[in-house]
Amino acid sequence: MISLSQIWALFKKDLLLEIRQQYTFYGILLYVGATIFVIYMAMEQTESQVWNGLFWIIQLFICINAVAKSFLQESRGRMLYFQALLSPQNFVLAKLLFNSLLMVVMSAISLGLFMLFLGNPVQKMAEFFGLVLLGGWGLSLVFSFLAAIAAKAQQSAAIMAILGFPLIIPQLLMLMKVSNTFFSKSNPEILTTVVLLAIIDLFVIILAIILFPFLWKD
Amino acid sequence: MKKWWWKILCIVLLTYTFIGGLLFPVPRIMILNETIRNLYFHVCMWFAMMILFTISVINAVKYLNKHDLKYDIKSRQYAVVGIVFGLLGYATGVIWMSFTWADPNNPAVASFSAIAKEPKLIGAAIALLIYFAYLVLRDSISDIDKKARISAVYNIFAFAFLFPSIWILPRLLPSLHPGGEGNPALNYNDIDARMRLVFYPAVIGWTLLGSWIVSLKVRMNILKEKEHLSDIYLQEKNAPIHEA
């Protein structure tokens, strides 16, 4: 069922589209920049706790905006064409892969901008950067699947937020808790939480593979 | 007799819950005192809610397998009644909280933000938000089959998330609830023997009451949506009308 060449072809198609019509990429980039600039204007000085909370909330909103259009951009005709050619599993895996890449890039950029504008309270940079990538990846997986649901319901990003916020709370809490430990030099035990986060991500991929075929055809 | 024995059982168990719950001896514990009797109502609401949500998901899976709208109606109604039980769980919890956790020198409202960051409260809030979102999603789609299919997918996806989050949350946040490590009410030794006598029947009684309400609502909705249900159910009930 799952064929790597099909996934790769679809992934390349999405990437090429993104490179040729760059307005979405720059649109999200502008969103990232503008949001962080607003926060910079609003906050005089940020404590590390506040910095952490704001950072992950911003990640959440960036993710919703970055991922929302991924299933909506396929026109009706093109979807029919895909349905004739591909298996749903490959289609959803390609989308997850592309959104993961997009969100990982956006996470890295927003981290850079955050540090530039709001200062850098992080003590363990390498670990924190790794966690940001893992967190961005996890957020993108959950919201990609919800984007598929929202696209089928012909709804905007608003319904994605309603559907997604309750689901993402535990993951966000775990991310904030782990990243809080990187603001000091001490070394508390965080490995289990990080492993748990990775397991949740795999779990989402499996659920998407199982459930997407039911969303696929009308 | 075959079909309604459980309704009698439900009435008997709930009568027993009210009489036994309010009159039987209970252990005397500091602070809790007589409020401990709320266990038979408050905790049972959450049990009933989780059981009803689980049945809702099972019906969603059945719908995706068989594409029979009957299961979609059931799935929706179980979710709705589950939400009602969740709200009742909050209501009974607020009463209990205002006598035990709340700062006696302040009104209960003032201690809300300190108490609300409670893993069990958050877990319940997530569950309720998920099923509110489920209802919003349903109503945003007009095509009946599409509505049933997409909401079933969301129901399964969200429920698969809900369970791990209920296990994970207590590890992340400190809790005022007893038995923070694990599942307090399920652990056989956590509850006094005298209380178990009423607690377990109470859980069954409240869950049966929920299912009873659901069964009435399902029957009502099946009648409403008659023309869309084109399967065995209709052939049994309405065959003569269709032939004519």
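Below, chains carry the letters A, B, ... as their sequence lines are ordered, and counting in each starts from 1.
For A:Phe165, no part lies near chain B; criterion is any non-hydrogen pair under 4.5 Å. Interface remark: A:Ile162 contributes backbone and side-chain atoms alike to the contact with chain B (heavy atom separation under 4.5 Å). Residue A:Phe212 does not touch chain B at all, counting heavy-atom pairs closer than 4.5 Å. A:Ile210 does not touch chain B: none of its heavy atoms, backbone or side chain, sits under 4.5 Å away. Using a 4.5 Å cut-off between heavy atoms, A:Leu163 touches chain B through backbone and side chain atoms alike.
Of the residues considered (A:Gly164, A:Pro170, A:Pro166, A:Ala208), A:Pro166 shows the highest number of contacts with chain B, using heavy-atom pairs under 4.5 Å. Taking B:Ile126, B:Ile130, B:Leu129 one by one and counting their heavy-atom pairs under 4.5 Å with chain A, the maximum is reached by B:Ile126.
Contact record, A:Ala153 with B:Ile150: N-CD1, 4.2 Å, taken as the closest heavy-atom pair. Across all their heavy atoms, A:Phe214 and B:Arg149 have their closest contact at O-NH1, 2.6 Å.
Environment of CD in A:Gln123: crowded, with over 12 heavy atoms of neighbouring residues, nucleotides or ligands closer than 6.0 Å.
Counting heavy atoms from C-beta on, the side chains of A:Val142 and B:Phe161 come closer than 4.5 Å.
With A:Lys152 contributing its side chain and B:Lys146 its backbone, the two residues share no donor-acceptor pair below 3.5 Å. Put simply, the side chain of B:Tyr154 never gets that close to the backbone of A:Ile149: no donor and acceptor are under 3.5 Å apart.
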